[in-house]
There are 2 protein chains.
Amino acid sequence: MKQMRACVIIIGNEILSGRTQDTNLQWLARSLGELGIALVRAHIIRDDANEVVATINHARSHYDYVFTTGGIGPTHDDITTACVAQAFNVPVVRDAEAQRRLHAYYPPEKRNDARMKMADIPQGATLIDNPVSAAPGFHIDNVFVMAGVPTIMQAMFFDIKARLRHAPPMHTRTIHTLTPEGDLAAVLCAVQTAYPQIELGCYPHMRGGKFSTSLVMRGMEAADVDEVALQIQERLRPLGVNFTEAEL
Amino acid sequence: MKQMRACVIIIGNEILSGRTQDTNLQWLARSLGELGIALVRAHIIRDDANEVVATINHARSHYDYVFTTGGIGPTHDDITTACVAQAFNVPVVRDAEAQRRLHAYYPPEKRNDARMKMADIPQGATLIDNPVSAAPGFHIDNVFVMAGVPTIMQAMFFDIKARLRHAPPMHTRTIHTLTPEGDLAAVLCAVQTAYPQIELGCYPHMRGGKFSTSLVMRGMEAADVDEVALQIQERLRPLGVNFTEAEL
């Protein structure tokens with residue numbers, strides 16, 4: 001089975017104004033990676049209807065899965081549901097099961113129009129459970145629409161995991177060294193050329209004024225990843241480079 | 001003067017794999033906002049040449065300013081400089097001043113081909129200072145190319161601030177309340193409709209199982225922002241909603 005490719009769309013002015021530090025992207029990247037789904041693209045966009053519709057339509061035709069976060073609450077700036085419906089050219093309809101869940105969660109005096117709007121989903125969509133605060137997400141075709149609040153988004157992702165088709169997860173190894181990346185570059189280039197099936201990343205860090213480097217190898221075959229890790233260490237040790245291995 | 005609109009392109013497999021939590025976006029968003037430049041779009045893309053070139057070309061024709069982070073180091077996966085040159089259809093050339101800076105920073109035995117590659121920039125580009133580790137960024141037309149390591153990126157941004165044209169900064173006020181957003185929605189919708197020139201955002205939080213809400217007002221005119229803050233408080237107080245104001 002081929003590896004599935006995913007795109008994340010983070011919707012919200014609060015991320016682009018710098019008010020909120022997004023953490024959903026990293027959480028989704030790791031969770032998808034553990035399933036064997038590669039996150040290959042992310043968009044961060046404003047609460048702007050034209051932009052949300054266009055970005056969803058582009059993403060759903062280019063990637064196997066699209067995950068959105070944000071914009072499905074009760075207020076005027078929550079426009080994601082209407083935009084997804086527009087992207088799929090279907091109406092928004094009141095979902096009986098979603099309404100039942102909101103009724104179970106909110107006492108009668110709290111069931112105002114704004115809150116009940118959260119029972120509206122695009123026609124043909126399937127609910128995504130929200131065990132935290134009842135108001136569901138939904139998925140339609142290959143687009144999964146989730147809340148922006150991290151705890152709710154994570155609970156929703158737990159519900160949809162079983163709906164996602166995926167290949168076995170990628171194998172990863174990470175090697176750390178205190179040697180700056182400029183001293184490793186020639187060997188890394190040679191090893192990457194020899195093993196094109198492995199994604200070999202080189203990431204510099206700076207702590208206390210000193211550079212160190214993490215080397216990350218990712219691939220579908222564990223044996224290839226191990227071979228690349230071995231090759232790098234064997235070729236760099238004669239140059240006086242020492243390693244510690246962080247994760248297997 | 002009209003407000004300038006900016007796009008950020010974060011380049012790096014390590015962000016999309018979840019290995020690294022990006023913090024550059026929020027830092028840039030705030031720093032641009034303080035200058036009066038609105039960050040309106042961000043892309044997070046892989047170290048893939050076609051994707052980098054296409055994203056830069058789209059962004060530079062749609063936004064006043066484009067800022068990239070990542071991919072300008074010495075290793076095989078640092079492809080941003082070549083991609084920017086390709087996007088502008090100019091060659092990459094060795095820059096004499098960049099070479100001088102690298103020679104001043106690295107002793108002769110450290111000046112290998114990989115490191116000296118960091119003196120290569122697209123023809124016609126202008127250097128961006130890197131007081132942390134010498135290897136410069138550069139800007140060409142409206143595209144500013146910076147390192148991915150946060151301390152270096154921040155130092156580079158300090159250098160380019162004076163090159164950016166901008167209107168006065170937006171005015172912002174934030175109001176917090178322990179009332180969940182569903183109880184505020186109708187009033188917020190009415191106020192937003194009455195004051196379309198103000199961007200009124202409503203952001204739910206969950207802490208200790210309780211929802212609270214932050215309301216953020218942003219606009220070009222301080223008087224409008226103040227008026228909207230007043231309107232919201234006057235209309236919601238009769239409903240029993242209490243506020244604390246965080247920032248002015």
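A, B, ... follow the sequence lines: proteins, then strands. Residue 1 opens every chain.
Of the listed residues (A:V8, A:T23, A:L200), the one with the most heavy-atom contacts under 4.5 Å to chain B is A:L200. Taking A:A114, A:A42, A:G148, A:P204 one by one and counting their heavy-atom pairs under 4.5 Å with chain B, the maximum is reached by A:A42. If you tally non-hydrogen atom pairs under 4.5 Å between each of A:T151, A:V40, A:N112, A:N13 and chain B, the highest count goes to A:V40. When each of A:V132, A:T20, A:L32, A:T193 is checked for heavy-atom pairs under 4.5 Å with chain B, A:T20 comes out on top.
Both the backbone and the side chain of B:P180 have a heavy atom closer than 4.5 Å to some heavy atom of chain A. The contact between B:I15 and chain A is made by backbone and side chain atoms together, counting heavy-atom distances below 4.5 Å. Only the side chain of A:K110 comes within contact range of chain B, with heavy atoms under 4.5 Å apart. Proximity to chain A is limited to the side chain of B:D78, based on heavy atoms less than 4.5 angstrom apart. Using a 4.5 Å cut-off between heavy atoms, B:T213 makes no contact with chain A at all.
B:E14 contributes no side-chain N or O that, together with a main-chain N or O of A:V216, makes up a donor-acceptor pair within less than 3.5 Å. Looking only at distances, a side-chain donor or acceptor of A:D77 sits under 3.5 Å from a matching main-chain atom of B:C202. In terms of modelled atom types and a separation under 3.5 Å, the side chain of B:H76 and the main chain of A:V191 share no donor-acceptor contact. B:R41 places no side-chain N or O within donor-acceptor distance of the main-chain N or O of A:I45, the cut-off being under 3.5 Å.
Residue B:H171 places its NE2 atom among more than 12 non-hydrogen atoms of other residues, nucleotides or ligands, all under 6.0 Å distant. Atom NE2 of A:H166 has more than 12 neighbouring heavy atoms from other residues, nucleotides or ligands inside a 6.0 Å radius. In this structure, A:Y105 places its OH atom where more than 12 heavy-atom neighbours from other residues, nucleotides or ligands lie under 6.0 Å away. Crowding of A:L178 atom CG: a count of heavy atoms from other residues, nucleotides or ligands under 6.0 Å not exceeding 12. Other residues, nucleotides and ligands contribute at most 12 non-hydrogen atoms within 6.0 Å of the CG atom of A:D113.
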- [ ] Quick one: do B:L25 and A:I44 satisfy side chain to side chain contact (heavy atoms under 4.5 Å, CB included)? Show the steps, please.
- [x] CA-CA 10 Å; B:L25 181 73; A:I44 306 179; 3.2 Å; yes
- [ ] Just do the side-chain hydrogen bond (donor to acceptor under 3.5 Å, both in side chains) check on A:R19 and B:S214 with the steps written out, would you?
- [x] CA-CA 11 Å; A:R19 194 183 168 280; B:S214 296; 3.2 Å; yes
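Proximity to chain B at a heavy-atom threshold of 4.5 Å picks out A:E181, A:G182, A:D183, A:A185, A:L188 from residues 181-188 of chain A, in numerical order.
Annotation: side chain of A:H205 is not in contact with side chain of B:V149 (no heavy-atom distance under 4.5 Å).
A:F211 CZ to B:I152 CD1: the interatomic distance, rounded to the nearest 0.5 Å, is 4.0 Å. Here the OG-CE distance, from A:S133 to B:M206, works out to 7.5 Å after rounding to the nearest 0.5 Å. Taking OG of B:S17 as the reference point, atom CD of A:E199 lies at 7.0 Å (rounded to 0.5 Å).
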